[in-house]
Amino acid sequence: MNGFDPFAGSWTYRSFLNDPDLHVKDGSADFNAVQFGYGILQIDEAPGQLVTGSIGYAADGWSLNIHGSKSFGSPMEIRFQGKGIVSGSEWIYDYVGWLVPVWPGSTRRLQREALVGSIVRTVPHPNGSGGVSPAGVVGSWYAVRADAGNG
C-alpha cells in the first residue's frame, strides 16, 4: 500500500438483503436469513480515479473481477462493477460505497477502517438449488480493512 489511496488493500466483505423483516423465530431473530454474501474484497493500487481488483470467496467457489472509479470527496466514494463466471454462469453486480470517517474521540488504533454501501444484482444467474437468483435484488454491504492499511 502506497499511503495515498485509502481504498487499496484487502477488506473483509459482508452483504445483507434489504429486508425489513426481523425473521423472528422462537423469540430470537434469524440474522442469517438476510445474508446476501461474504468474502474478500481486494482493491488494487491504481492511478487517479481507477478501481481494479477482485471480490469473492474461494471456499465457496466464486470470484468476480472489479472495475470502477473512486472519488476523494467527503465522504470518499467508490463505485465498481463485479463480473465473472461462476459455475459456468455469468455473474454481474454493481456496487457503490463510502469510506467511513474516523469517529472523533475514538482510539484510532482500535477503530478499523470500514466501507459501507449498496449492491444490486445486475443480471440473473442460477442459484445453485435449481432456481434463479433474479436481477434487481438490492442489498447493503460493509467491508472492514483486513490488512494494515494507512492507519
Side-chain angles (χ1 to χ4, degrees), residues 1-20 31-129 131-151:
M1 182 130 185
N2 62 19
F4 80 92
D5 186 345
F7 298 107
S10 183
W11 303 79
T12 300
Y13 164 87
R14 296 172 182 91
S15 60
F16 302 91
L17 295 169
N18 286 356
D19 182 348
F31 192 71
N32 291 330
V34 294
Q35 180 178 288
F36 196 40
Y38 55 87
I40 302 298
L41 172 60
Q42 182 65 47
I43 301 173
D44 300 334
E45 290 183 32
Q49 295 178 308
L50 181 64
V51 170
T52 61
S54 63
I55 186 168
Y57 190 62
D60 283 350
W62 72 277
S63 180
L64 308 176
N65 292 320
I66 66 170
H67 188 271
S69 64
K70 57 193 169 199
S71 64
F72 299 104
S74 181
M76 294 186 195
E77 182 180 272
I78 189 169
R79 287 182 176 270
F80 57 90
Q81 185 171 78
K83 291 176 83 172
I85 303 298
V86 179
S87 299
S89 297
E90 184 174 48
W91 285 22
I92 302 177
Y93 288 81
D94 286 295
Y95 302 77
V96 62
W98 299 272
L99 188 64
V100 175
V102 174
W103 279 95
S106 72
T107 303
R108 177 127 175 105
R109 67 179 178 79
L110 297 177
Q111 181 177 340
R112 299 293 281 189
E113 290 175 295
L115 298 166
V116 297
S118 183
I119 177 178
V120 62
R121 185 181 299 122
T122 308
V123 299
H125 62 72
N127 67 9
S129 301
V132 173
S133 296
V137 175
V138 175
S140 295
W141 64 272
Y142 74 99
V144 178
R145 185 171 294 283
D147 56 18
N150 290 335

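Quick caveat: nothing in here was measured; it's all calculated off a predicted structure.
- Within the 4.5 Å cutoff, no side-chain heavy atoms of Tyr142 are placed close to those of Val100.
- Heavy-atom minimum distance, Val132 versus Pro124: CG1-CB, 3.8 Å.
- With hydrogens and angles disregarded, no donor-acceptor distance shorter than 3.5 Å links the side chain of Asp19 to the backbone of Val34.
- Between atom CG of residue Leu41 and atom OG of residue Ser10 there is a gap of 8.0 Å, rounded to the nearest 0.5 Å.
- In this structure, the side chains of Leu115 and Trp141 come closer than 4.5 Å at one or more pairs of heavy atoms.
- Between Asn18 and Gly139, the closest heavy-atom pair is OD1-C, 3.4 Å.
- The shortest distance between side-chain heavy atoms of Phe80 and Phe7 does not fall below 4.5 Å.
- Counting only residues at least two apart or in different chains, salt bridge (Lys or Arg N to Asp or Glu O under 4.0 Å) contacts with residues 65-86 comprise Asp5-Lys70, Glu77-Arg79.
- Ser140 places none of its side-chain heavy atoms less than 4.5 Å from the side chain of Val116.
- If you run side-chain contact (heavy atoms from CB on, under 4.5 Å) between Tyr93 and each of Val123, Leu64, Ile66, Val120, only Leu64 comes through.
- Here the shortest heavy-atom pairing between Gln111 and Ser106 reads OE1-OG, 2.8 Å.
- The main-chain N or O of Arg112 is never found under 3.5 Å from a side-chain atom of Arg145 such that the two would form a donor-acceptor pair.
- In this structure, the side chains of Pro6 and Phe72 come closer than 4.5 Å at one or more pairs of heavy atoms.
- The distance from the OG atom of Ser74 to the CG atom of Leu99 is 10.0 Å, given to the nearest 0.5 Å.
- Note on residues 87-106: no pairs pass salt bridge (Lys or Arg N to Asp or Glu O under 4.0 Å), not counting sequence neighbours.
- Here the shortest heavy-atom pairing between Ala146 and Thr12 reads CB-OG1, 3.7 Å.
- When every heavy atom of Ala8 is checked against every heavy atom of Glu45, the shortest pair comes out as CB-CG, 3.7 Å.
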Anything under 3.5 Å between a donor and an acceptor, one on a side chain of residues 47-63, the other on a protein residue two or more places apart or in another chain? List them.
residue	atom	partner	partner atom	Å
Thr52	OG1	Asp44	OD2	3.2
Asp60	OD2	Tyr38	OH	2.9

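- Here the closest non-hydrogen pair linking Glu113 and Trp11 is O-CZ3, 3.5 Å.
- Gln42 places a side-chain N or O within donor-acceptor distance of the main-chain N or O of Gly9, the cut-off being under 3.5 Å.
- Between the CG atom of Leu17 and the CD atom of Gln35 there is a distance of 9.0 Å, given to the nearest 0.5 Å.
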